[in-house]
Amino acid sequence: MDSASRSAETLQTRCCIAGGGPAGMMLGFLLARAGIDVVVLEKHADFLRDFRGDTVHPSTLEVLHELGVLEEFLKRPHQEIREVRARIGGEQVVLGDLSRLRTHCRFMALMPQWDFLDFLAEFALRYPAFRLKMQAEVTGLVEDRARIAGIRGRTPAGPVEVRAELVVGADGRNSVVRERAGLAVESVGAGMDALQLRLSKQPDDPAFFVHTDRGKTLVTIDRGDYWHCGFAVPKGTAEEMRARGIEDFRASIAEVAPFLRDRVGELRDWSDVKLLTIRVDRLRRWHRPGLVCIGDAAHAMSPVGGVGINLAIQDAVAAANALAEPLRRGAVSVDHLAKIQRRRAFPTRITQGMQALMQRQVWRGLGRAEPTPIPLPLRLLERTTLPCRFRTHFIGVGVRPEHVKTPDISQSSQQR
């Protein structure tokens, strides 16, 4: 008997979250911690997917501190970055000095996203109100009198239907929820894509995040024993690069990052290179009665600065702050959902604008043969400390950081 002919499993909950990424897992954790019954649907069997954002910024570490789990988090394998440095045309530039921040952690933690999500799941599952359903792919929405009333999905065991007072779309830039809900998407545009790969790491490798010279830009993220690399290409030109052959691509990497010259042979062929199609967009309206979108489902970010995961976490904290009490009362209104968009739309627009500005600087230089100079605005900014502090705050904390205001029911019960 196939899944379509089986009767659907039916669940009931206060809040059903589509997507077990950073936004969905953090929101589920916060709501369950506050005693709100929540179900998170994740379409994959685990969180293990490569080439996902690894940078856990000080703003996210601050949230973990406020949740009382930071110490446990830092026991997990990770790297700590206190200076964000770039190499531009042979010159070194400090993009951000995180030791200047007034946060509990004055560094950026590099941890594979699957480990971060496993960590959130472990702590969320300690609360009886939290349910995580893996291999549950969203296929549609349940509507009741013009209000979203649940999610339809499929699992290996058959179809599933989750009825909920509130549905949250946190299912990423290819969100099924926002598509099924008919929410209008505004494209912000992106002038480039990225070819992603991994190369082994040596102890004496330079610790630069960005390498750019002669029309080529490579981002290197430290994953302990290897570099997670992103090579920028003008949008739509990846096939042209493939046609030139893997040897040409290896030479391009070695030219912009000479320290990797002895390792580019680890790229056996194009199967070792994955194309990341960059898309930057945002919803004009994040909500409908009974539904709200957060994270990449509400605003797909560029990978520039690695801020996407942290913006998603901030969305989740803001959503939990706005929704926990209305969900407890069973009285979530459109006004509560609109409050989330009002709170988070401004930082989204500013961050996307800054990303676009930085991306244009990279895009304009792609394909040029002459040495790349440090852009004049950046050179001028380097001469004073205030702009450096601004850049550091933007990278490490972001615009309008959120703070946890929801209660911990386990602590409340102990106090009673």
> Is there a donor-acceptor pair under 3.5 Å between the side chain of E62 and the backbone N or O of H104?
Replying inline: yes
> Less than 4.0 Å between a side-chain N and a carboxylate O, is that true for D225 and R223?
Replying inline: no
> With no hydrogens and no angle check, is any side-chain donor or acceptor of H65 less than 3.5 Å from a backbone partner on V63?
Replying inline: no
> Are more than 12 heavy atoms from other residues, nucleotides or ligands located less than 6.0 Å from atom CD of E186?
Replying inline: yes
>> Taking R82 first and then E80, would you say they form a salt bridge - that is, a charged N and a carboxylate O separated by under 4.0 Å?
In response: yes
> Would you say the side chains of Q314 and R344 form a donor-acceptor pair under 3.5 Å?
Replying inline: no
> Do the side chain of R106 and the main chain of L101 share a donor and acceptor less than 3.5 angstrom apart?
Replying inline: yes
> Between R268 and D272, is the closest basic N to carboxylate O distance under 4.0 Å?
Replying inline: yes
>> Is any side-chain heavy atom of V142 closer than 4.5 Å to one of I151?
In response: no
> Taking the side chain as C-beta and beyond, is there a heavy-atom pair between W286 and T348 under 4.5 Å?
Replying inline: yes
>> Under 4.0 Å between a side-chain nitrogen and a carboxylate oxygen: does that hold for E255 and K216?
In response: yes
>> If you define the side chain from C-beta out and look only at heavy atoms, does anything of L337 sit under 4.5 Å from L323?
In response: yes
> Distance only, no hydrogens: is a donor on one side chain within 3.5 Å (strictly under) of an acceptor on the other, for H211 and T220?
Replying inline: yes
>> For Y127, does the six-membered ring have the charged nitrogen or CZ of R33 within the cation-pi criterion, i.e. under 6.0 angstrom from the centroid and within 45° of the normal?
In response: no
> Would you say R279's side chain and A300's backbone share a donor-acceptor pair under 3.5 angstrom?
Replying inline: no
> Can you find a pair of side-chain heavy atoms, one from L64 and one from L74, that are under 4.5 Å apart?
Replying inline: no
> More than 12 non-hydrogen atoms from neighbouring residues, nucleotides or ligands closer than 6.0 Å to NZ on K405, yes or no?
Replying inline: no
>> Just by distance, no angles: are the side chains of T60 and N310 close enough, under 3.5 Å, to form a donor-acceptor pair?
In response: yes
> In terms of side-chain geometry, is the basic nitrogen of K235 or D193 positioned less than 4.0 Å from the acidic oxygen of its partner?
Replying inline: yes
>> With rounding to the nearest 0.5 angstrom, report the CZ to CD1 distance, R288 to I148.
In response: 4.0 Å
> Does a donor on one side chain and an acceptor on the other come within less than 3.5 Å for R282 and Q352?
Replying inline: yes
> What heavy-atom pair brings I313 and P22 nearest, and what distance separates the two atoms?
Replying inline: CD1-O, 3.6 Å
> After noting the C-alpha distance and the side-chain angles of C293 and V168, does the key distance pass the side chain to side chain contact (heavy atoms under 4.5 Å, CB included) rule?
Replying inline: CA-CA 6 Å; C293 289; V168 178; over 6 Å; no
>> For a 4.5 angstrom cut-off between non-hydrogen side-chain atoms, does V307 reach T55?
In response: no
> Are any side-chain N or O atoms of S175 and backbone N or O atoms of D171, one a donor and one an acceptor, separated by less than 3.5 Å?
Replying inline: no
> Should V84 and V94 be marked as a side chain to side chain contact (heavy atoms under 4.5 Å, CB included) after you check the CA-CA gap, both sets of side-chain angles, and the distance that decides it?
Replying inline: CA-CA 6 Å; V84 181; V94 176; over 6 Å; no
> Are the charged groups of R154 and E9 less than 4.0 angstrom apart, N to O?
Replying inline: no
>> Can you give me the closest heavy-atom contact between W270 and I246, atom names plus distance?
In response: NE1-N, 3.5 Å
> Atom CG of L41 and atom SG of C16: how far apart are they, to the nearest 0.5 Å?
Replying inline: 4.0 Å
> Donor-acceptor pair, R178 side chain versus A297 backbone, under 3.5 Å?
Replying inline: yes
> What are the two closest non-hydrogen atoms of V40 and G20, and how far apart are they?
Replying inline: CG1-CA, 4.1 Å
> Do the numbers put R87 on top of the ring of F208, so that NZ or CZ is under 6.0 Å from the six-membered ring centre and no more than 45° off the axis?
Replying inline: no
> Would you call E161 and R163 a salt bridge, using N to O less than 4.0 angstrom?
Replying inline: yes
>> Checking side-chain polar atoms at under 3.5 Å, does D315 have a donor or acceptor matched by the opposite partner on H299?
In response: yes
>> Tell me if a side-chain donor or acceptor on R85 pairs with a main-chain N or O of P206 at a distance below 3.5 Å.
In response: no
>> What's the separation between atom CG in L311 and atom CZ in R400, rounded to the nearest 0.5 Å?
In response: 11.5 Å
> So how far is it from H228 NE2 to L110 CG, rounded to the nearest 0.5 Å?
Replying inline: 11.0 Å
> With distance as the sole test, does T237 use its side chain to make a donor-acceptor pair with the main-chain N or O of V233 at under 3.5 Å?
Replying inline: no
>> Taking the side chain as everything from C-beta on, heavy atoms only, tell me whether F130 gets closer than 4.5 Å to M25.
In response: yes
> Between the side chains of Q135 and H44, does any donor sit under 3.5 Å from an acceptor?
Replying inline: no
>> Would you say T13 and D37 are linked by a side-chain donor-acceptor pair, where the criterion is simply a distance under 3.5 Å?
In response: yes
> When the aromatic ring centroids of F73 and F119 are compared, is their separation below 6.0 Å?
Replying inline: yes
> Looking at CG of L267 and CZ of R198, how far apart are the two atoms once the value is rounded to the nearest 0.5 Å?
Replying inline: 11.5 Å
> Looking at S187 and D281, what are the two nearest heavy atoms and their distance?
Replying inline: CA-CB, 3.9 Å
>> With a 3.5 Å distance limit and no angle check, can you tell me whether R180 reaches the backbone of T139 through a side-chain donor-acceptor pair?
In response: yes
> Would you say the side chains of E266 and S200 form a donor-acceptor pair under 3.5 Å?
Replying inline: yes
> Just by distance, do the side chain of R147 and the backbone of A149 share a donor-acceptor pair under 3.5 Å?
Replying inline: no
>> Does any part of the side chain of V399, heavy atoms only, come nearer than 4.5 Å to the side chain of F346, both counted from C-beta?
In response: yes
>> Go through it in stages, so that I can follow the logic: the residues are F209 and M108, the test is side chain to side chain contact (heavy atoms under 4.5 Å, CB included), and I'd like the CA-CA distance, side-chain angles, deciding distance and then a yes or no.
In response: CA-CA 12 Å; F209 259 64; M108 182 188 301; 4.0 Å; yes
>> For D205, is there an ion pair with R263 - N to carboxylate O distance below 4.0 angstrom?
In response: yes
> Nearest heavy-atom pair of C15 and L31: which atoms, and what distance?
Replying inline: SG-CD1, 3.8 Å
> Which atom names give the shortest non-hydrogen contact between G28 and I17, and what distance separates them?
Replying inline: N-CD1, 3.5 Å
> With a 4.5 Å heavy-atom cut-off, do F249 and L195 have their side chains touching?
Replying inline: yes
>> Closer than 4.0 angstrom, basic N to acidic O: yes or no for K201 and D222?
In response: yes
>> As a quick check of understanding, evaluate side chain to side chain contact (heavy atoms under 4.5 Å, CB included) for T103 and L61, giving each step before the final call.
In response: CA-CA 9 Å; T103 52; L61 297 173; over 6 Å; no
> According to the interplanar angle, ranging from 0 to 90°, do the rings of F29 and F123 count as parallel (below 30°), tilted (30 to 60°) or perpendicular (above 60°)?
Replying inline: tilted
> Salt bridge between R126 and E122, side-chain N to carboxylate O under 4.0 Å?
Replying inline: yes
>> How long is the straight-line distance from CD of E247 back to OG of S252, given to the nearest 0.5 Å?
In response: 11.0 Å
